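First the structure, in the form of structure tokens, and then the observations on it.
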Amino acid sequence: MMDAPVLIYDSGVGGLTVLREARVLMPARRFVYIADDAAFPVGAWEERALAAHIVGLFGELIEAHRPAAAVIACNTASTAVLADLRAAFPKTPFVGTVPAIKPAAERTRSGLVSVLATPGTVKRQYTRDLIGEWASKCHVRLVGSDRLAPLAETYMRDGFVDEEAVRAEIAPCFVERDGLRTDIVVLACTHYPFLVNRMRKTAPWPVDWLDPAEAIARRLLTVLDGAPAVSGRRDVPDSAIFTSGKAHFTVARLMQGFGLQLAQRP
Ligand code: DGL
């Protein structure tokens with residue numbers, strides 16, 4: 001019997017930061033990675049249009065894969081569509097990725113926290129509500145970047161990153177106020193952990209870069225608790241589906257490196 005897979009959705013390579021943590025915790029689980037490259041960058045989409053697009057896509061994916069659960073490994077998508085997905089597909093458990101504002105507020109010493117995200121995530125009411133609920137005692141700066149996700153894509157495919165561009169994009173995260181400095185930057189886009197070493201290198205001072213991938217994987221494990229993976233499933237490889245149907249050979253190589261076999265959209 002083939003076990004029900006877990007779907008991991010992102011607009012591109014960002015969700016791989018979550019997949020790698022999920023595999024550490026659930027080595028026997030089968031994963032189907034969905035790179036919605038036809039919609040990249042989702043950070044530039046209007047919220048309602050993005051939600052409608054993703055609900056439509058999941059109708060197709062759930063029908064074809066009958067997943068045990070789905071991870072929306074993308075902050076921009078999660079903050080727009082999680083509630084709609086749960087309402088449309090009540091039998092499928094969804095795990096979302098939302099800006100790690102609560103842990104940042106708990107950990108900061110200076111009280112100055114920055115949230116680095118796509119322009120879409122920064123605009124969302126969902127993000128503002130998280131700040132109101134968990135970080136009202138902090139000074140939170142929202143920094144929207146439309147360049148970092150494409151820079152992470154290029155870096156992962158071609159191994160090249162423009163460090164000066166990274167420096168310029170992260171610069172607004174660094175705030176000095178009354179002798180205090182920003183001490184935590186929330187990586188609120190799943191693409192960004194791939195660039196974190198360049199961010200450390202180009203940052204004006206050291207900060208804690210918060211990557212929520214492990215916490216998301218733990219949440220998935222909790223959600224799947226009642227549904228253990230069928231053991232001995234390694235004869236069925238994990239797969240990756242690109243919604244455009246046109247993955248460049250550098251992407252195919254990258255996916256192979258992550259143990260994902262390219263598959264066609266159903
Ligand atoms: N990886 C996505 C996120 O976590 C954003 C990338 C995009 O704009 O498509 O927000």
Side-chain angles (χ1 to χ4, degrees), residues 7-22 33-54 57-58 70-82 84-85 94-101 103-104 114-128 130 142-157 161 165-166 169-170 173 185-196 198-199 209-217 219-220 240-244 247-248 251 254-255 258 260:
L7 301 181
I8 300 210
Y9 170 92
D10 181 45
S11 55
V13 302
L16 296 172
T17 60
V18 175
L19 175 68
R20 64 185 175 186
E21 295 296 334
Y33 188 80
I34 313 297
D36 192 4
D37 61 334
F40 183 85
V42 290
W45 280 59
E46 188 280 314
E47 183 169 352
R48 287 293 86 203
L50 179 62
H53 161 74
I54 294 175
L57 176 62
F58 268 84
V71 180
I72 307 301
C74 172
N75 294 257
T76 314
S78 294
T79 51
V81 76
L82 261 184
D84 296 327
L85 285 171
F94 284 91
V95 174
T97 308
V98 300
I101 287 164
S114 291
V115 177
L116 185 59
T118 66
T121 301
V122 161
K123 269 191 259 157
R124 300 263 191 275
Q125 189 56 41
Y126 196 116
T127 306
R128 314 255 159 176
L130 284 176
L142 290 168
V143 178
S145 165
D146 52 13
R147 292 190 72 193
L148 283 171
L151 283 168
E153 288 279 328
T154 307
Y155 177 55
M156 293 306 286
R157 290 166 187 201
V161 66
V166 173
E169 293 303 293
I170 67 169
C173 293
V185 176
V186 177
L187 298 175
C189 169
T190 50
H191 279 70
Y192 300 172
F194 285 130
L195 295 178
V196 75
R198 306 306 166 107
M199 292 179 180
W209 303 90
L210 256 189
D211 171 6
E214 191 191 335
I216 296 155
R219 177 77 197 130
L220 174 63
I241 294 169
F242 282 72
T243 55
S244 71
H248 192 257
V251 177
L254 174 69
M255 292 297 142
F258 274 84
L260 296 167

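Nothing here was measured: the structure is a model prediction, and the numbers come from that model. Whatever order the structure lists ligands and atoms in, that order sets their numbers, starting from 1. Numbering of residues begins at 1 and proceeds along the displayed sequence.
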Enter the distance from [X]:[atom1] to [Y]:[atom2] here, rounded to the nearest 0.5 Å.
X: T76; Y: Y126; atom1: OG1; atom2: OH; answer: 13.0 Å
X: I72; Y: I54; atom1: CD1; atom2: CD1; answer: 6.5 Å
X: L210; Y: L116; atom1: CG; atom2: CG; answer: 12.0 Å

Next on the checklist: For F58 together with F94, are the ring centres under 6.0 Å from each other?
Outcome noted: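 Yes, they do, as the ring centres are separated by less than 6.0 Å.
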Next on the checklist: So if I apply the side chain to side chain contact (heavy atoms under 4.5 Å, CB included) rule between P193 and each of L16, L187, V18, which one comes out positive?
Outcome noted: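 Of all the options given, the one that passes is L187.
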Checklist entry - Parallel under 30°, tilted from 30 to 60°, perpendicular over 60°: which one fits the rings of H53 and W45? => result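 Tilted: the ring planes of H53 and W45 meet at 30° to 60°.
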Checklist entry - Applying a heavy-atom distance cut-off of 4.0 Å, which protein residues contact ligand 1? => result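 Residues near ligand 1: D10, S11, F40, P41, V42, G43, C74, N75, T76, T118, A149, C189, T190, H191.
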